[in-house]
K.L.:
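Before I ask anything, let me first share the structure, which is written out below as structure tokens.
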Amino acid sequence: MARTSAQMPHLRPLPDPPGEAGDVAQRRADEALIVDVDGYEGPLDLLLTLARTQKVDLMKISVLHLAEQYLAFVEQARKLRIELAADYLVMAAWLAFLKSRLLLPPDPEAEGPSAEDMAAHLAFQLERLDAMRQAAARLMARDRLGISRFARGAPEAVTRRRRTEWQAGLIDLMRAYARLKTRDEFRPYAFDRQDVFTMEQALDRMRRMIGFAGDWVELSDFLPEGWDGGGDGGGARRRSATAATFAASLELARQGRLEIRQSDTFAPISFRRKPSADQ
Amino acid sequence: MTDLTQNDASDAEAGAAGPDFPPPPLAQQQRMVEAILFAAAQPVTVRDLAARLPAGCDPAEALAGLRRLYEGRGVGIERIGDGYAFRTAADLSFLMQTETVDQRRLSRAAVETLAIIAYHQPVTRAEIEEIRGVAVSRGTLDQLIEMEWVRVGRRRMTPGRPATFVVTEGFLDHFGLESARDLPGLSELRAAGLLDSRPPDEGMALPIVPDTDDEPGEGAGDVADDLFEDD
Amino acid sequence: MTDLTQNDASDAEAGAAGPDFPPPPLAQQQRMVEAILFAAAQPVTVRDLAARLPAGCDPAEALAGLRRLYEGRGVGIERIGDGYAFRTAADLSFLMQTETVDQRRLSRAAVETLAIIAYHQPVTRAEIEEIRGVAVSRGTLDQLIEMEWVRVGRRRMTPGRPATFVVTEGFLDHFGLESARDLPGLSELRAAGLLDSRPPDEGMALPIVPDTDDEPGEGAGDVADDLFEDD
């Protein structure tokens, strides 16, 4: 340690207040503090108040003396049978520890921050809290809106006008017209239900496809795109297409145009063109 | 101006302190009236001003001077009932509006009706219904008229003298057509692949049923009321 | 003055019509900015102004001229964060008793917390607690958030990714600050090292116990619930 404690203001004890009168005043002040304990925002706030009684710049505070003041405060409170909140007692323990470390010669074996560092940090915290208090007071003393300065009392709201722009292109128009004019070309009872694959559709599809199926082809390969369970098809569409295709295959088998094979219960069903159907 | 302000500030304090002091100069009284009118939620009467200004002020004169000061500016002082208030200059009212554009798609009924009118104009309502196979709701036609894509043409010289509908210049403009004759024919539509083999979604029912898929129109209702008889 | 107005009025219409017309003259642009700022209770940014003025206008220049015009008057244009707003002159506050808004009384904890957030922003809850030496109750932060003086900033990129708190434009407006850099005494505090974030070393931190003296907040609870874990 290059510096002695005397060089560090926060470690230097303050001279005792001169004379008896000072003592009495001090004791009164301490008692007033204790009775008012509910008015403090925690131990740091109390420490700040105690520090101010040292009547020095916070930069030059004696932390050792402050620790003693605080411990005296707690002792006094105990005498007056005032119950202090836990955090005040925790702080007392911490300060008692700090005080002992400040008074004892530093232990070279000890780990963690030195007593001087702890004291310096406490002094810094007190100074910072004090600075923030002053900043808060200055802030609240500014020309505040609604107190010193005023906004427009009758603001004129911006009205929002809605304009609708219709989206329709020539192509929509022509499609609509084409749809209307070609309606009669379609089968009258075809109804477009999104997730139903009709037996007619399946028959139509199989009639076209079976011509190429000289070899065994599984039922699932006959399912049209979008109905084979991939993409948005989903289970319902796949089931509908499977049922329709199977029903259509029975019809084609009945007509003697198709052979159906299933190796086992629940095994895949395969179809092929009936060889004789070629002739 | 800066000098004035400094003088004014001290005068204001003097004025507020009591009637023993001379009233603040007129410029300062104007500042006061300006601030009071600005912050007030309601129009302020001269009487209110007198009650709030320091003793000895002449609010009517300060107000008159202030009104002149704001003449021709972006805001002005208007008399509203017994009171006065700041208001935006009337010619700038367009700044107090913001326009939001909603993009909306036409209903299927509207597109179909529009297409029929475009291809068959002049066309009567009955003819539209015959082609569509469903009744044309008044709302659909009203909407198209309101959009200024369709207008009422001449009456047909047939029994009942029904009104006909034709497309407008605005329609041609929107769809980039020089005339309605430029609309492609059916064979061209087929060649362009527009006649997909998908069967129509809607009921094939031939009997005319009320068209419910578009909401009743507003606004142009007067025109339509005048033109169409309900069944 | 009268001549000017007449010219301006026609220019305004031309300017509003579309970008093909030359922008209105500066005097007219000033009128427009004046009207927009006067009408608004909240600060308006130059960007907002540009969006509302006709194409080709220079709102920044119009604004600068207008600010000079209002210097020393009963109302003035204040810069608040990115925006500008008319506010009454502070020296006339004595006239404004009727307008004075009943301010919700802030607890000492709330005022201190607000100051700490303003001077140390962005600041985490743990840092606020370190500075005050007591736990920050949820009610205190909730109240400041509800008053729209404080908002949640970015998360700190440290273990636990704690949320930070910053002050809002509403805070600047309320306290008459152009930006958080204009906080009183900021540079002195910084020079004194009192705004450095000095995380205490292991064993140096003062004990912080939960603060029980302010009641749990309501209203902005959702924000806080979302951000903070209770111990």
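Chain A is the first sequence line, chain B the second, and so forth, proteins listed ahead of strands; every chain is numbered from 1.
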K.L.:
In residues 38-46 of chain B, which residues are in contact with chain A at a heavy-atom separation under 4.5 Å?
P.N.:
B:F38, B:A39, B:A40, B:A41

K.L.:
Near B:D82 CG, under 6.0 Å, is it more than 12 heavy atoms from other residues, nucleotides or ligands?
P.N.:
no

K.L.:
Please determine whether the number of non-hydrogen atoms from other residues, nucleotides or ligands lying under 6.0 Å from atom CZ of A:R138 exceeds 12.
P.N.:
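Atom CZ in A:R138 is packed in, count exceeds 12.
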
K.L.:
For the CZ atom on B:R47, are there more than 12 heavy atoms of other groups (residues, nucleotides or ligands in this structure) within a distance under 6.0 Å?
P.N.:
no

K.L.:
For atom CD of B:E148, is the number of surrounding heavy atoms from other residues, nucleotides or ligands below 6.0 Å larger than 12?
P.N.:
no

K.L.:
B:R156: what forms a side-chain hydrogen bond (donor to acceptor under 3.5 Å, both in side chains) with it, not counting sequence neighbours?
P.N.:
B:E127

K.L.:
In Å, rounded to the nearest 0.5 Å, how long is the span from CZ of A:F150 to CD1 of B:I36?
P.N.:
10.5 Å

